Amino acid sequence: MVQWIKQNSVLFLIIVTILMLFVNLGVLQTNIMEARNIISAREMVHDGNWIFTTLNGLPRYEKPPLPTWITAAFGSVFGFENFFWLRIPVVLITILLVVWFYKTLTHFDLTKHQVVNSSLVLITSFYVFFSGRDNNWDMYTHSFVMGAILFLVKEFQSSKFNLFNFIAAFFLLGCSIMSKGPVSLYALFLPFLIAYFIVYRYKLGRNLGITILTIILGCVVGFAWMMYVKYFDAEHFLAASQKEVNNWHSYNTRPIYYYWSFFTQSGLWTIPALVSLIYPYLKSKVANKKAYQFAWLWTILSVVLLSVIPEKKSRYLLPVLIPLAMNIGFYIEYLRLEFKNLSNKTERYFTNFTFGLYGIIGIAISVGVFIYTKDRLSEFLVWSIPFAVVGLILGISILKGLKIKSFEQIFYSTILLMCSVVAFGFPLSKLTFSEEFYSSAKNLKKLEQQNQIKTYEWQSFVPEIVLDYGTSISAISDGKKTIFPKEEKFGMLASPSDSTFFADHFNNYSIKKIGAVDLNHSSKDQKNYNDRIQRNYYLIQKK
């Protein structure tokens, strides 16, 4: 197996990427970010709001529309009910990220093995493959910037000006801005430029001029939609812009050191990531010191720039994982070449512990999966048996690789173990599902027909419920004022905690609970139960 992978490393990378992204793509539930994107895409198709984008029937200018346009195109063909097809766009854009990353690394005088292995680290890093299976805006913006970086590096290293590289660079940069504003321009592109110009100083004047022009034209492309909407719908656009700016320094604020453990977001590669960041240790062990210095600087600068922004979330670290994968690749390449000859006992014991732990985890899967599924074993046998068998084989393969000192066997077995988690482990997440209390928002249609009513939401809408319901649901109150529907009677969704509060607003109405929506697949006494996606349904009627 190891020999075949070495001889077909690019094909192996393609296979792993497909396994990490396509397999069981529709299994996991949607989240609030993905639901918002899909609702906007659905309203584009159903209501024709392709330029003046909406969310639940209201202007939605906080995020640029490119990912929504792409999702809308797929939804118009495959419908908006099947999450597998609705997630295909983000899968394809993640594949492009891997391709562009791979192609970029080939321009830094690295071995083919290191380029492929760094790309394998990238696609198996937790937040990368997780974001690549969840249709939100983050992956689009960072993937497009990676493409811009590729063509910019090609232009930097060419002997003469290449018009195609230049156009591709600023166009992809514009696509990134059109996906989530200047987020990736700041968090991924800017640290790349700083690191590159510090380490690779040759032709600095020429490259700096090309870079400035690329950024200017990229901004022209990227901000075109924003300028158009600002001109024709200034009130709503400025309100959305002000809200976004305020969030940067007042919403979800964290201390500057919040991202200190950023390397843990690589998941499986947490320990190798930490080692690769110990610059004094690794700099003397790599063949291409300049490239390592560049990757290290790119990673650290990305973390630093993100850290100075008051608003912080773990998922915002996604762009850091891209240069970090390149950085980890240097440590992996060092072990590939020198694993048999490690003379330092501490180094040898640490490496054996790290990858030995992965081997033990693989073997533990073979037992743990049956303990985990014991109550519903027959129902999940089709996933449990292959997961246990593959986990056992790969766990033993990792430990055997340690014994015979074959790092390639250890590394590739670890990659395949990660693939097996996605292929066979993800479906087991349904073990926590319980349909006993689940009640779809689609059931409201029947109650509407029975009572001849239209449905409203009391205050803020729940994206997952609106997505499940099928159309927008207008809110009666915005928290400041209440606008009563014209109908004599209507249906209203409200959280149980709001029932006594909104009753004071409906003195002239009778209020009767006639149903409920609960999108949880677990009971209320379980830790993963989410109150936010549960609503009571009331019949409100004038007295």
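Note that these values count all heavy atoms, side chains included, but never hydrogens, waters or copies made by symmetry. Only a predicted model underlies this, so the values are computations on that prediction, with no experimental measurement involved.
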Find the distance between OG1 (T354) and CG (L274) and round it off to the nearest 0.5 Å.
9.5 Å
Here the pair of heavy atoms bringing L324 nearest to T299 is N-OG1, 3.4 Å
Please check if the number of heavy atoms outside K405 that lie under 6.0 Å from its NZ is greater than 12.
no
Non-hydrogen side-chain atoms of I410 and K400 separated by less than 4.5 Å:
no
For the pair S366 (side chain) and L392 (backbone), establish whether a donor and an acceptor sit closer than 3.5 Å, ignoring hydrogens and angles.
no
Y279-Y292 aromatic ring centre distance below 6.0 Å
yes
Considering all heavy atoms of both residues, which atom of L306 and which atom of Y186 are nearest to each other, and what is their separation?
N-CE2, 4.3 Å
Regarding N165 and S158, do their side chains bring together a donor and an acceptor under 3.5 Å, going by distance alone?
no
Please say which of L96, I70, L97 ends up in a side-chain contact (heavy atoms from CB on, under 4.5 Å) with Y140.
I70
side-chain hydrogen bond (donor to acceptor under 3.5 Å, both in side chains) between S125 and W269: does it pass, once the steps are laid out?
CA-CA 7 Å; S125 293; W269 306 110; 4.6 Å; no
Minimum heavy-atom separation for E347 to L342, with atom names?
OE1-CD2, 3.5 Å
On the 0 to 90° scale, with breaks at 30° and 60°, tag the Y334-Y281 ring pair as parallel, tilted or perpendicular.
perpendicular
Exercise: do T68 and N37 side chains pair donor with acceptor under 3.5 Å
yes
Quick check: are there more than 12 heavy atoms from other residues, nucleotides or ligands sitting under 6.0 Å from OH of Y438?
yes
Taken to the nearest 0.5 Å, the spacing of Q29 CD from H521 NE2 works out to 4.0 Å
Sidechain-backbone polar pair: N8 side chain, L11 backbone, donor-acceptor under 3.5 Å
no
For T124 and L120, indicate whether the former's side chain and the latter's backbone hold a donor-acceptor pair under 3.5 Å.
yes
Do S397 and S413 have a side chain donor and acceptor closer than 3.5 Å?
yes
Test item: S131 side-chain N/O and V128 main-chain N/O as donor-acceptor pair under 3.5 Å:
no
Ring centres under 6.0 angstrom apart (F156, Y196)
yes
Which class fits the ring pair F192 and F189: parallel under 30°, tilted 30 to 60°, perpendicular over 60°?
tilted
Tell me yes or no: between the side chains of T111 and E333, is some donor less than 3.5 Å from an acceptor?
yes
Kindly say whether V199 contributes a backbone atom to a donor-acceptor pair with the side chain of Q293 at under 3.5 angstrom?
no
Residues D138, R315: salt bridge by 4.0 Å N-O rule
yes
SB check R336 E408 (cutoff 4.0 Å)
yes
Do R87 and E34 touch side chain to side chain, with heavy atoms closer than 4.5 Å?
yes
Measure centre to centre between the rings of F170 and F166, then say whether the value is under 6.0 Å.
yes
Among residues at least two apart in sequence or on other chains, which ones pass side chain to side chain contact (heavy atoms under 4.5 Å, CB included) with I360?
none
Give a yes or no on this: more than 12 heavy atoms of other residues, nucleotides or ligands lie within 6.0 Å of atom CH2 of W4.
yes
Around atom OH of Y200, are there more than 12 heavy atoms of other residues, nucleotides or ligands at under 6.0 Å?
yes
Looking at R254 and E311, does any basic side-chain N land under 4.0 Å from a carboxylate oxygen?
no
Using every non-hydrogen atom in the two residues, find where P67 and W137 come nearest and quote the distance to one decimal.
CG-CD1, 3.4 Å
Looking at CG of D531 and CG of N520, how far apart are the two atoms once the value is rounded to the nearest 0.5 Å?
7.5 Å
Could you tell me the separation between the CD1 atom of I149 and the CG atom of L152, rounded to the nearest 0.5 Å?
8.0 Å
Heavy atoms from other residues, nucleotides or ligands near CZ of F171 exceed 12 (cutoff 6.0 Å)
no
Got a donor-acceptor contact below 3.5 angstrom from the N24 side chain to the A423 backbone?
yes
With under 30° as parallel and over 60° as perpendicular, where do the rings of F407 and F339 fit, or are they tilted in between?
tilted
Any heavy-atom pair between the side chains of Y331 and T351 that's under 4.5 Å?
yes
Donor-acceptor pair, R133 side chain versus V23 backbone, under 3.5 Å?
yes
Evaluate V275 against F350 for side-chain contact (heavy atoms from CB on, under 4.5 Å), listing each step before the verdict.
CA-CA 10 Å; V275 175; F350 183 80; 3.3 Å; yes
Tell me whether the centres of the aromatic rings in W298 and F108 are closer together than 6.0 Å.
no
Any side-chain heavy-atom pair of L297 and F294 under 4.5 Å
no
Sidechain-backbone polar pair: S184 side chain, V145 backbone, donor-acceptor under 3.5 Å:
no
So which atom in F101 and which in S119 form the shortest heavy-atom distance, rounded to 0.1 Å?
CD2-OG, 3.7 Å
Would the Y259 and Y316 ring centres measure less than 6.0 Å apart?
no
Working to the nearest 0.5 angstrom, can you tell me the gap between I533 CD1 and E464 CD?
6.0 Å
Flag the pair I215 / L193 as yes when at least one side-chain heavy-atom distance between them is below 4.5 Å, and no otherwise.
yes
Do L28 and F130 have side chains that approach each other closer than 4.5 Å (heavy atoms only, starting at C-beta)?
yes
Would you check, one step at a time, whether the test side-chain hydrogen bond (donor to acceptor under 3.5 Å, both in side chains) holds for T71 with N135?
CA-CA 8 Å; T71 304; N135 202 352; 3.1 Å; yes
Between N117 (side chain) and G329 (backbone), is there a donor-acceptor pair under 3.5 Å?
no
Could you give me the CA-CA distance, side-chain angles and deciding distance for F129 and V422, then say whether side-chain contact (heavy atoms from CB on, under 4.5 Å) is met?
CA-CA 10 Å; F129 77 80; V422 174; 4.2 Å; yes
I'd like to check L185 versus S176 (side-chain heavy atoms, cut-off strictly below 4.5 Å). Are they in contact?
no
Quick one: closest heavy-atom pair of I396 and I363, and the distance?
N-CG1, 4.1 Å
dist L25:CG -> I88:CD1 (nearest 0.5 Å) comes out at 5.5 Å
Step by step, would you call F197 with N207 a side-chain contact (heavy atoms from CB on, under 4.5 Å)?
CA-CA 9 Å; F197 287 141; N207 291 341; 3.8 Å; yes
Are M139 and F144 side-chain neighbours, meaning at least one heavy-atom pair lies under 4.5 Å?
no
Please determine whether the number of non-hydrogen atoms from other residues, nucleotides or ligands lying under 6.0 Å from atom NZ of K285 exceeds 12.
yes
Any donor-acceptor pair under 3.5 Å linking the side chain of T264 with the backbone of S261?
yes
When the ring centroid of F355 is compared with that of Y358, is the distance short of 6.0 Å?
yes
